[in-house]
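Everything on this sheet refers to the single structure shown next.
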Amino acid sequence: MQLATWNLNSLRVRLPHLLDWLAEQSDSVVGLQELKMADEEFPFEALRDAGWQAVTNGQKTYNGVALLARRPLEDVQRDIPGFDDPQKRVIAGTVDDLRVVSVYVPNGQSVDSQKYHYKLDWLQRFAAYLAEEAERHPRLAVVGDFNVAPLPEDTHDPEAWEGHILCSGPEREALRGAMEAAGLSDAFERVPTPEQRYTWWDYRAAGFRRNLGLRIDHVLLSAPLSERVESWRVDLEPRRLERPSDHAPVAVTLA
DNA sequence: ATGGCATTATGCTAATGA
């Protein structure tokens, strides 16, 4: 089976891309981010017709996350319990014996901005939540847009990005701390380094054509799942289409 | 250092993203 994640940057605009991409995916659980759409508008019917169940935590204009699966999604949890946050960034569900979380971590705007501190606080809350989820669910997968490039080589220009938003020390430490607290490891690190590792490219300055990308979308796995990783890939085809999302889908296959 | 491009909305300018 396969675990995947895709920040769509508007489900309304990207629904045709999503349906085309889903048609090529076999047994999968897919996390989506940046739906920018309220749950009442979510295209449940189009997805059901395509063979996918969906659970959503939507929001108008900003944020919004979902989980898709070909099999029933149960025990659905929206948001981080006990954290009063109006931004819809988390949804969790269970498919068979697999617990999956779809997350859209705050962007942070710029280092030391108000949004940056919100991001760091948010990651602390998320870490505590993941630690609890990991205790409850030995087979835990956390997929999404983490808005953190973990390593210098996860950017096209490590010197230029060093210390900037998505790459600052506190952000990287917060992500690593969350992973350690929950016993999660990056599926990317379980496979030989692929030729293409970036998952996001700036719309501006022909970022995709020049491959000026970042690796900020991740599939994190608890130990029992980590051992089952067979491959990690980023699908570039949707990024080449007209009016693409600025993110490409990432998929990890498990034995 | 800035903007570059895209999406959305108490819309034609401003906020946000990464």
Side-chain angles (χ1 to χ4, degrees), chain A residues 5-18 31-43 56-66 85-90 102-123 126 143-175 178 188 196-218 234 236 238-250:
Chain A
T5 185
W6 194 2
N7 178 324
L8 292 171
N9 185 21
S10 169
L11 174 55
R12 187 175 293 102
V13 176
R14 241 63 73 184
L15 181 59
H17 293 191
L18 176 64
L32 302 175
Q33 301 86 33
E34 281 210 88
L35 307 180
K36 300 187 173 183
M37 177 187 279
D39 288 341
E40 305 87 77
E41 299 176 86
F42 190 89
T56 63
N57 190 13
Q59 182 181 338
K60 197 173 79 165
T61 313
Y62 299 116
N63 311 311
V65 290
D85 181 7
Q87 303 189 16
K88 301 302 185 186
R89 298 183 173 280
V90 175
S102 174
V103 62
Y104 175 46
V105 173
N107 169 280
Q109 198 164 61
S110 60
V111 171
D112 276 341
S113 67
Q114 198 174 356
K115 290 194 172 76
Y116 179 76
H117 293 291
Y118 165 70
K119 178 180 192 174
L120 294 179
D121 291 343
W122 197 96
L123 280 167
F126 189 54
V143 310
D145 175 1
F146 287 78
N147 268 316
V148 178
L151 301 168
E153 51 268 38
D154 292 321
T155 78
H156 61 90
D157 188 343
E159 282 181 28
W161 279 95
E162 198 61 29
H164 284 75
I165 195 66
L166 317 184
C167 301
S168 72
E171 290 168 86
R172 286 176 168 161
E173 284 156 26
L175 175 57
F188 179 84
Q196 180 51 255
R197 65 159 66 195
Y198 304 143
T199 66
W200 171 88
W201 301 260
D202 203 317
Y203 284 125
R204 299 165 297 184
F208 183 67
R209 184 177 58 73
R210 299 159 66 201
N211 199 24
L212 306 181
L214 304 178
R215 188 175 73 90
I216 55 176
D217 299 273
H218 306 301
V234 55
L236 299 180
R239 189 64 178 77
R240 296 193 180 103
L241 299 171
E242 290 289 312
R243 293 189 84 187
S245 168
D246 44 359
H247 296 252
V250 172

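Quick note on labels: first sequence line is chain A, next is B, and so on, each numbered from 1. Owing to the predicted nature of the structure, the values given are computational and were not obtained by experimental measurement.
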Measuring only the [atom1] atom in each nucleotide, how far is [N] from [M]? A whole number of Å is fine.
N: B/dG4; M: B/dA15; atom1: P; result: 15 Å
N: B/dT2; M: B/dA6; atom1: P; result: 22 Å
N: B/dT10; M: B/dC5; atom1: C1'; result: 25 Å
N: B/dG11; M: B/dT16; atom1: C1'; result: 15 Å
N: B/dA18; M: B/dT7; atom1: P; result: 14 Å
N: B/dA14; M: B/dG3; atom1: P; result: 13 Å

query: If we call it a pair only when both distances are under 3.5 Å in a Watson-Crick or G-U wobble match, what pairs with B/dT16?
result: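 WC or wobble partner is B/dA6.
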field: Base-pairing assignment for B/dG11 (Watson-Crick or G-U wobble, both under 3.5 Å)
entry: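 Partner of B/dG11: none.
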Would you say a side-chain N or O of [X] is under 4.0 Å from OP1 or OP2 of [N]?
X: A/Asn9; N: B/dA6; answer: no
X: A/His247; N: B/dA18; answer: yes
X: A/Asn7; N: B/dA18; answer: yes
X: A/Tyr104; N: B/dA18; answer: yes
X: A/Arg14; N: B/dT7; answer: yes

Roughly how many Å is it from [atom1] in [X] to [atom2] in [N], rounded to a whole number?
X: A/Asp157; N: B/dA18; atom1: CG; atom2: C1'; answer: 15 Å
X: A/Asp246; N: B/dA6; atom1: CG; atom2: P; answer: 10 Å
X: A/Glu242; N: B/dA6; atom1: CD; atom2: P; answer: 10 Å
X: A/Leu8; N: B/dT8; atom1: CG; atom2: P; answer: 12 Å
X: A/Lys36; N: B/dA15; atom1: NZ; atom2: P; answer: 16 Å
X: A/Gln114; N: B/dT16; atom1: CD; atom2: C1'; answer: 14 Å
X: A/Asn107; N: B/dA18; atom1: CG; atom2: P; answer: 5 Å
X: A/Leu175; N: B/dA18; atom1: CG; atom2: P; answer: 15 Å

Remember a base hit wins even if backbone is also touched, and classify [X] as base, sugar-phosphate or nothing at under 4.0 Å, heavy atoms.
X: A/Leu166; result: sugar-phosphate
X: A/Asp217; result: nothing
X: A/Asn147; result: sugar-phosphate

Proximal nucleotide (of [options]) relative to the [X] side chain:
X: A/Lys60; options: B/dA15, B/dA18, B/dT10; result: B/dT10
X: A/Tyr203; options: B/dG17, B/dT8, B/dA18; result: B/dG17
X: A/Ser10; options: B/dG17, B/dT8, B/dA18; result: B/dT8
X: A/Lys115; options: B/dT16, B/dA18, B/dT7; result: B/dT16
X: A/Thr61; options: B/dA9, B/dA6, B/dG17; result: B/dA9

field: Steps toward salt bridge (Lys or Arg N to Asp or Glu O under 4.0 Å) verdict (A/Glu242, A/Arg14)
entry: CA-CA 10 Å; A/Glu242 290 289 312; A/Arg14 241 63 73 184; over 6 Å; no
message: Using heavy-atom distances to pick each residue's nearest nucleotide on DNA chain B, tell me which of A/Arg243 and A/Ile216 is more 5'.
response: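 The residue mapped nearer the 5' terminus is A/Arg243.
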field: Residue mapping more 5' on DNA chain B - nearest nucleotide basis, A/Trp200 or A/Leu11
entry: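 Here A/Leu11 is the residue nearer the 5' end.
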field: A/Trp200 and A/Trp161 aromatic ring geometry - parallel, tilted or perpendicular at 30°/60° bounds
entry: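 Taking A/Trp200 first and then A/Trp161, their aromatic rings stand perpendicular (interplane angle over 60°).
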query: Can you tell me how far the CG atom of A/Asp246 sits from the CZ atom of A/Arg204, to the nearest 0.5 Å?
result: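 That separation rounds to 9.5 Å.
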Distance in Å, A/Leu35 CG paired with A/Gln33 CD, rounded so as to fall on 0.5 Å steps: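 Spacing of CG (A/Leu35) from CD (A/Gln33) equals 8.0 Å.
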query: Centre of A/Tyr198's six-membered ring, under 6.0 Å away, within 45 degrees of the axis: is that where NZ or CZ of A/Arg215 sits?
result: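 No, A/Arg215 and A/Tyr198 do not form such a contact.
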query: Using a distance-only test with no angle check, is there a side-chain donor-acceptor pair under 3.5 angstrom linking A/Asp85 and A/Tyr118?
result: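 Yes, A/Tyr118 and A/Asp85 have a side-chain donor paired with an acceptor closer than 3.5 Å.
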- prompt: Would you say the side chains of A/Glu34 and A/Asn7 form a donor-acceptor pair under 3.5 Å?
  reply: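 Distance-only check passes for A/Glu34 and A/Asn7.
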